[in-house]
Amino acid sequence: MKKQLETFISQSLATLQTQNILAADLNPSVHIERTRDVAHGDFATNIALILAKSAKTNPRQLAEQIIAALPVNEAILKVEIAGAGFINFFMNPNAQYQVIADIQAAGEKFGLSQIGAGKKVQVEFVSANPTGPLHVGHGRGAAYGSVVGNLLIATGFDVHREYYVNDAGRQMDILATSVWLRYLEASGETFIFPSNAYRGEYVRDIAQKLIDQHSKKFARSSEIVFANLPLDEPEGGDKEIYIDALISRAKELLNADYRVVFDTGLNDILGDIKDDLAEFGTTYNQWFSERSLMDDGSIDKALAVLKSNNYLYEKDGAIWFKSSELGDEKDRVVIRDNGQPTYFASDIAYHWNKLERGFDVLIDIWGADHHGYIPRVKAALIALGADATKLNVLLVQFASLWRGEEKVSMSTRSGEFVTLRELRDEVGKDAARFFYVMRRSEQHMDFDLELAKSKSNENPVFYVQYAHARVCSVFRTHGEKGFTQDITLGMANLAELNAEHETVLLTTLARYPEVIERAATQYEPHLLINYLRELATDFHTYYNAHQFLVENDTLRNARLNLITSVRQVLANGLTLLGISAPEAM
RNA sequence: GCGCUUGUAGCUCAACUGGAUAGAGCACCGACCUUCUAAGUCGGGGGUCGCAGGUUCGAGUCCUGCCAAGCGCACCA
């Protein structure tokens with residue numbers, strides 16, 4: 001209906017253009033809004049206010065001309081000019097029932113659209129280093145990314161979800177070394193564990209698996225392992241230099257076996273991450289390996305192009321990229337003085353690879369702490385001669401965990417962080433997903449564990465799910481009372497749904513496709529959450545105000561068709577969020 | 001110091017991207033269960049949209065300057 005009005009207005013404007021009332025080269029974007037106040041009708045547009053200046057007339061006069069040129073349509077009851085020049089549309093009340101037929105016909109497809117027109121979109125999200133289990137910070141990115149993906153699919157985009165696996169690089173070497181040291185400890189060696197190594201309990205578990213599978217194959221005496229190393233930080237040294245020296249020592253002593261230790265750690269943790277995300281309802285089309293970019297020469301190739309485009313230079317033994325010439329704060333190292341490419345070098349190759357795969361839009365979902373990284377990636381794409389405007393980086397702020405009034409402290413340093421798995425175990429998948437996407441992603445959010453668990457009206461998850469369960473419950477009672485639903489009879493008598501609560505509900509239902517479209521194109525899943533809360537409220541209010549299972553056959557069946565539509569839309573929305581729509585609670 | 005993000009009711013957050021009288025939920029006060037699930041509903045009070053300017057028919061929304069919070073400013077990822 002909204003779309004239809006937009007078309008009508010556009011037609012009217014085109015007419016005015018042929019009459020030279022409006023300039024022919026004008027290409028206005030018509031924007032129709034739902035009104036906030038019933039006195040303003042059902043829909044309104046400010047188009048006359050926007051165009052008045054260029055038409056060299058006053059808004060109200062232009063509004064009159066627009067209305068005069070409007071096509072006649074029986075769905076429009078009347079059109080008024082209000083305020084400074086708003087055009088208000090009052091729709092024919094009979095038109096409001098159409099939505100029930102639409103929902104019934106489309107079913108679970110109601111709300112889907114084709115505005116994406118099959119455009120290829122890649123959504124990359126989470127992509128946490130496989131150096132440990134996912135924590136609650138990753139959870140927000142996982143929930144947000146998967147819902148954004150669902151919304152884009154729902155609006156006709158061709159979506160490819162991807163997790164970039166950082167299976168190369170220094171952090172992974174630190175993990176591999178940490179695993180090996182725990183392995184040595186478990187084999188009976190004693191030494192002081194490095195301050196910069198991974199200390200989590202899971203590292204010991206992986207070490208134990210190594211022992212189970214390979215016995216003492218990788219054991220070396222601690223005298224040999226720690227001979228002639230620089231000092232660790234607690235002893236007055238540098239923890240980074242110390243751990244790097246240990247990594248070199250591990251590679252030296254283990255030779256080819258280093259890769260076995262490394263891969264055991266990688267595969268164990270990555271497997272855990274995959275299981276974790278799958279249980280959280282977050283799935284991927286592809287797990288993209290950083291190492292593969294090194295192995296197939298993609299990094300060398302990207303750097304060669306940068307070099308031939310004159311964006312690389314050497315300084316202090318390292319190779320630098322002139323990102324400062326393309327909007328970044330300073331130049332960035334791509335090859336360290338030790339000859340190793342930086343993480344940034346692989347990321348250049350990775351983003352280039354994404355574009356070469358033919359995606360029309362790239363969406364990267366990052367933690368907000370990585371925001372400073374955006375200019376250099378865009379700079380790299382420009383320097384490669386690629387289209388950097390295709391890259392869209394969405395930032396997700398951290399969530400603070402609360403237990404009622406008490407803030408849950410989290411410190412990565414001590415290894416005492418709350419994992420996503422712990423969160424899921426405590427509050428469940430549905431509540432976790434709902435809470436994560438309840439707020440705009442750039443908004444810092446407080447996540448109250450007590451609230452997420454509570455089975456009360458304070459908890460918005462239960463509130464929405466309860467609305468769905470309630471409709472199902474009505475139908476159970478309906479059967480118990482010996483009624484048989486007659487959908488056709490209900491459809492023929494929808495006009496009996498003339499109570500104010502019913503009108504409100506019909507309007508809310510009709511808004512659903514608009515909400516999906518907006519939530520998708522703006523990448524704002526919280527709009528869908530807000531909508532579902534409103535729909536649930538409208539339904540609960542209706543439920544309390546009217547009895548559905550009345551004796552009157554026509555009215556009863558009309559009402560049943562209405563609440564069936566409510567159930568359908570609630571289920572559709574919850575499905576997009578990856579949240580269950582329970583039939584009973 | 002520079003950059004990014006944020007600042008709206010006591011608290012947590014919305015506000016259709018520049019529109020009409022800024023809205024919800026908690027919390028607080030007061031009503032509603034012999035009824036299709038009270039995990040629900042109804043009513044009430046509560047606001048200098050961080051502050052100050054500017055842009056225009058019109059600003060919570062845009063521009064400038066301050067103030068405050070978070071994050072970032074590696075040859076880590």
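Below, chain A is the first sequence line, B the second, and so on; all start at residue 1.
Remark: A:Asp238 pairs with A:Glu240, A:Ile241 by the side-chain contact (heavy atoms from CB on, under 4.5 Å) rule, at least two apart or across chains. Contacts of A:Asp553 classified as salt bridge (Lys or Arg N to Asp or Glu O under 4.0 Å), with partners at least two apart in sequence or in another chain: A:Arg556. Every residue was checked against the side-chain contact (heavy atoms from CB on, under 4.5 Å) condition with A:Asp316, not counting sequence neighbours, and none meets it. For the salt bridge (Lys or Arg N to Asp or Glu O under 4.0 Å) test, no residue two or more places apart in sequence or in another chain qualifies with A:Lys307.
The same atom, C1', is picked in B:C13 and in B:A22; the two are 13 Å apart, to the nearest Å. Atom name C1', nucleotides B:G30 and B:C67: the rounded distance is 41 Å, in whole Å. Comparing B:G53 with B:U61, their P atoms are spaced 14 Å from each other, to the whole Å. Distance check on atom P: B:G23 versus B:G70 gives 32 Å, rounded to whole Å. Taking atom P on both B:C71 and B:A24, the two are 34 Å apart, rounded to the nearest angstrom. Separating the C1' atom of B:A15 from that of B:G54 is a span of 24 Å, rounded to the nearest Å. Between B:A20 and B:C62, the two P atoms lie 16 Å apart (nearest whole Å). Using atom C1' as the reference point in both B:G7 and B:G45, the two lie 26 Å apart (nearest Å).
For A:Lys330, no side-chain nitrogen or oxygen approaches OP1 or OP2 of B:C73 to under 4.0 Å. Proximity of A:Tyr463 to the phosphate of B:U41: a side-chain N or O atom is located under 4.0 Å from OP1 or OP2. Taking only side-chain nitrogens and oxygens, A:Thr541 comes nearer than 4.0 Å to OP1 or OP2 of B:C42.
Nucleic acid contact class of A:Arg439 (heavy atoms, under 4.0 Å, all strands): base. Across all strands, A:Met445 comes closer than 4.0 Å only to sugar-phosphate atoms, never to a base (heavy-atom distances). Nucleic acid contact class of A:His501 (heavy atoms, under 4.0 Å, all strands): none.
Without hydrogens or angle criteria, A:Thr342 side chain to A:Val333 main chain gives a donor-acceptor distance under 3.5 Å. A:Tyr198 contributes no side-chain N or O that, together with a main-chain N or O of A:Ala176, makes up a donor-acceptor pair within less than 3.5 Å.
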So which protein N/O to nucleotides 44-46 of chain B N/O distances come out below 3.5 Å?
none

Could you write out each protein N or O paired with an N or O of nucleotides 1-10 of chain B at a distance under 3.5 Å?
residue: B:G3; atom: N2; partner: A:His371; partner atom: NE2; Å: 2.8

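Counting only Watson-Crick and G-U wobble pairs whose two key distances fall under 3.5 Å, RNA chain B forms stems of three or more stacked pairs at B:1-7 with B:67-73, B:10-13 with B:23-26, B:28-32 with B:40-44, B:50-54 with B:62-66.
Within residues 39-48 of chain A, the residues that have a heavy atom under 4.0 Å from RNA chain B are, in order of number, A:His40, A:Ala44, A:Asn46. Residues from residues 508-529 of chain A placing a heavy atom under 4.0 Å of any atom in RNA chain B, listed by number, are A:Arg518, A:Gln522, A:Glu524, A:His526, A:Leu527.
Residue pairs meeting the side chain to side chain donor-acceptor pair (under 3.5 Å) criterion with at least one member in residues 317-335 of chain A, sequence neighbours excluded: A:Tyr313-A:Asp331, A:Ser323-A:Asp328, A:Ser324-A:Asp331, A:Asp328-A:Arg332.
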Pairs of donor and acceptor atoms involving the side chains of residues 523-533 of chain A, under 3.5 Å and at least two apart or interchain, shall be tabulated with distances.
residue: A:Tyr531; atom: OH; partner: A:Thr508; partner atom: O; Å: 2.7

Hey, can you pull the donor-acceptor pairs under 3.5 Å for the side chains in residues 41-55 of chain A, sequence neighbours left out?
residue: A:Asp42; atom: OD2; partner: A:Met91; partner atom: N; Å: 2.7
residue: A:Thr45; atom: OG1; partner: A:His31; partner atom: O; Å: 3.0
residue: A:Thr45; atom: OG1; partner: A:Ile47; partner atom: N; Å: 3.2
residue: A:Ser54; atom: OG; partner: A:Leu51; partner atom: O; Å: 3.1

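Regarding the sugar-base torsion, B:C62 falls in the anti class, its angle being beyond 90° of 0.
A cation-pi arrangement, defined by a distance under 6.0 Å to the six-membered ring centre and an angle within 45 degrees of its axis, is present between A:Arg470 and A:Tyr543. The cationic atom of A:Arg559 (NZ for Lys, CZ for Arg) does not lie both less than 6.0 Å from the six-membered ring centre of A:Tyr542 and within 45° of the ring axis.
Here A:Phe86 does not pack flat against the base of B:G19, since the 5.5 angstrom centre distance and 30 degree tilt limits are not both met.
The shortest non-hydrogen separation linking A:Gln485 to A:His478 is N-CE1, 3.3 Å.
Between the side chain of A:Asp369 and the base of B:A77 there is no donor-acceptor pair of N/O atoms closer than 3.5 Å.
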